> 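Handing you a structure now.
In the text below, chain A, chain B and the rest are named by the order of the sequence lines, each starting its count at 1. All values derive from a computational prediction rather than experimental measurement. Atoms considered below: every heavy atom in the structure, side chains included; atoms not considered: hydrogens, waters and symmetry mates.
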Number of protein chains: 2
Amino acid sequence: MVANTSETAEGAKSPAAEAWRMIFDLGTVHRAHVLAAAAEHDLSPPQLFLLRRLEPGVPTPMSELAAFFGCDASNITGLVDRLEARGVLERRVPAHDRRVKHIVLTEAGERLRAQALAQLHVPPAALTRLSPSDQRTLRDILRRALGA
Amino acid sequence: MVANTSETAEGAKSPAAEAWRMIFDLGTVHRAHVLAAAAEHDLSPPQLFLLRRLEPGVPTPMSELAAFFGCDASNITGLVDRLEARGVLERRVPAHDRRVKHIVLTEAGERLRAQALAQLHVPPAALTRLSPSDQRTLRDILRRALGA
DNA sequence: TATTGTTATACTCTATAACTATA
DNA sequence: TATAGTTATAGAGTATAACAATA
C-alpha cells in the first residue's frame, strides 16, 4: 500500500462506492455538455434543471420544487420569476388553498423543454462506445437501482 | 404512440440514451447529498469540485482547470482567490513560463479534500441496495466506459 | 503577436431573516 | 399558530471585455 488517501484506495472500496465515484466522473467530465445544452437555449443550468423537473401538464407546487432540489424556497421564487417573465411557465393559485402556487409550463415552455432535453439527454461517447450488450446491461441495472 | 415528447418516448431510445438519462436522475436525486458534503466542510459545490480535481502533489495550471470545468478563466481566479485566502491551496509560478500559475494543495488542503471526498463518495441507497452481483457488473461496465 | 491570468462589470444563484397572506 | 411564498440583503458563481505581464 502506497500513500493513498482513503478515497483513492481502490482495493478497500465496495463495488457500489467505486461505481458511484465513476458516475461522478462521468458527470464532471460532461459538465461542458450540460453547459452547452443550457447556453444554446439561453438557459442557466439551474433553469434547465427546473424545466427538466416540470413535466408537461403537471402543475407543481413551488414547495415541492424546493424540496426536490434541496434548496431554499426563495431560490425557487427567483428562478420562477425569470422563467415566467420569459413566458416559459406561469403561476396558478389552486382554489382549495390560496397560499400555494402551482407552476405549469406554457406551450412555449413545453417546446423549449423538449428541445433542451433532447440535447441534454444525448449520451456521451463514453456510453455509446460500449458494446450493445453492455449498454443494455447498464440500462437494466440502473432501472433496478431507480426502482423503475 | 401517445402524445409523448421525444425524451419520454421510451421505446425509441437506445439503451445508452436511457442509461444516460437515468444517470442524470441519480445525480439530481442526490443533489442534496452533494450540497450536504460541501456545506459540512464550509465549501460551495464549485469549490468542492475544484478540490476534487486537484490531486495531492500535482501542481495544475489554472488554464487546465478552466478547460476541465468548461468555464471562463476569470472564474477560476475567483475560486482560487477564496480557497487560497483560506489556506487550502496556493499559487506557484513555474520557472519555465512566468505567465502560468500552478495550483497546489497545502497540507491543510489535502486533509480537507480527503475528508470531503470521503463523504461525497459515499454511494446512495439506490446503488447499495443493488445485489452484490449487480454492483460488480455496474462497476465493471463503468470502468470500460471510462477506459480505466 | 499570442497566451496566461487578473480586474471591472453585470447578472444569476443561493441562503438567511423578516415579512405578507392564508389556513 | 403554522404554512406557502415573497422581499431584502449579502455573498458566491459566472461570462464578457479590457487589461497587464510574459512569451
> Take the protein atom NZ of B/K101 and the nucleotide atom P of D/dA23, then report the distance between them rounded to whole Å.
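B/K101 atom NZ is separated from D/dA23 atom P by 13 Å.
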
> Is any side-chain N of the basic residue among B/R143 and A/E18 closer than 4.0 Å to the acidic one's carboxylate O?
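Looking at A/E18 together with B/R143, the answer is yes, because their closest N to O distance falls below 4.0 Å.
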
> Would you list the pairs meeting salt bridge (charged side-chain N to carboxylate O under 4.0 Å, His left out) in which at least one residue belongs to residues 69-79 of chain A, sequence neighbours left out?
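Pairs touching residues 69-79 of chain A that pass the test: none.
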
> For A/Q115, enumerate each residue passing the side-chain contact (heavy atoms from CB on, under 4.5 Å) test, keeping only those at least two apart in sequence or located in another chain.
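A/Q115: side-chain contact (heavy atoms from CB on, under 4.5 Å) contacts with A/H41.
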
> Would you mind listing every salt bridge (charged side-chain N to carboxylate O under 4.0 Å, His left out) that reaches into residues 58-70 of chain A, with sequence neighbours excluded?
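Counting only pairs at least two positions apart or across chains, the salt bridge (charged side-chain N to carboxylate O under 4.0 Å, His left out) contacts touching residues 58-70 of chain A are A/R53-A/E64.
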
> Could you give the start and end, 5' to 3', of the contact zone on DNA chain C for chain A, using atoms under 4.0 Å from its heavy atoms?
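For DNA chain C, the relevant span reads C/dT12 to C/dA23.
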
> Going by salt bridge (Lys or Arg N to Asp or Glu O under 4.0 Å), name the residues that satisfy it together with A/R139, two or more places apart in sequence or in a different chain.
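Scan of A/R139 (salt bridge (Lys or Arg N to Asp or Glu O under 4.0 Å), adjacent residues dropped) gives none.
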
> Where each residue is assigned the nucleotide of DNA chain D containing its nearest heavy atom, which of A/S63 and A/L35 is assigned the position nearer the 5′ end?
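Mapping each residue to its closest nucleotide by heavy atoms, the 5'-most match is A/S63.
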
> Using 30° and 60° as the class limits, which term best fits the ring planes of A/F49 and B/F24: parallel, tilted or perpendicular?
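Judged by the thresholds at 30° and 60°, the geometry between A/F49 and B/F24 is tilted.
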
> Please, which pairs that meet salt bridge (charged side-chain N to carboxylate O under 4.0 Å, His left out) have at least one residue in residues 33-52 of chain A, sequence neighbours excluded?
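Non-adjacent pairs meeting salt bridge (charged side-chain N to carboxylate O under 4.0 Å, His left out): A/R52-B/D25.
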
> Answer with yes or no whether the hydrophobic clustering places B/L43 together with B/F68; edges join I, L, V, M, F, W, Y residues whose side-chain heavy atoms lie under 4.5 Å apart.
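Linked within one cluster.
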
> Mind jotting down which residue pairs meet the salt bridge (charged side-chain N to carboxylate O under 4.0 Å, His left out) criterion with at least one end in residues 121-134 of chain B? Sequence neighbours excluded, please.
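Only A/R144-B/D134 qualify under salt bridge (charged side-chain N to carboxylate O under 4.0 Å, His left out).
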
> Not counting sequence neighbours, which residues clear salt bridge (Lys or Arg N to Asp or Glu O under 4.0 Å) with A/R111? List them please.
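Testing A/R111 for salt bridge (Lys or Arg N to Asp or Glu O under 4.0 Å), a comparison that skips the adjacent residues, returns none.
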
> Using five pairs at either end of the helix from C/dT1-D/dA23 to C/dA23-D/dT1, determine the angle between the two local helix axes and round it to 10 degrees.
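Computed angle between terminal axes is 0°.
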
> With a 4.5 Å cut-off on side-chain heavy-atom distances among I, L, V, M, F, W and Y, is there a chain of contacts connecting A/L146 to A/F69?
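Yes; A/F69 is reachable from A/L146 via cluster members.
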
> D/dT7, OP1 or OP2 - any side-chain N/O from A/T77 closer than 4.0 Å?
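No, no such contact exists.
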
> Using heavy atoms to find the nearest nucleotide of DNA chain C for A/H96 and A/G78 separately, return the residue whose nucleotide is more 5′.
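Result of the comparison: A/G78.
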
> Using nucleotides 16-21 of chain D, report all nitrogen or oxygen pairs with the protein that are shorter than 3.5 Å.
unit_1, atom_1, unit_2, atom_2, d
D/dT16, O4, B/S74, OG, 3.0

> Expressed as a whole number of angstroms, how long is the span from A/R31:CZ to D/dA15:C1'?
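Atom CZ in A/R31 sits about 12 Å away from atom C1' in D/dA15.
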
> Is there a chain of hydrophobic side chains (I, L, V, M, F, W, Y, each step under 4.5 Å between heavy atoms) that links B/I76 to B/V100?
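No: no chain of side-chain contacts under 4.5 Å links B/I76 to B/V100.
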
> Grab the CG-C1' distance between A/L65 and D/dG5 for me, whole Å please.
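Result: 12 Å.
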
> Going by salt bridge (Lys or Arg N to Asp or Glu O under 4.0 Å), name the residues that satisfy it together with A/R92, two or more places apart in sequence or in a different chain.
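Counting only residues at least two positions away or on another chain, A/R92 forms a salt bridge (Lys or Arg N to Asp or Glu O under 4.0 Å) with A/E90.
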
> Between the protein and nucleotides 10-12 of chain D, are there any N/O to N/O pairs under 3.5 Å, and if so, what are the atom names and distances?
none

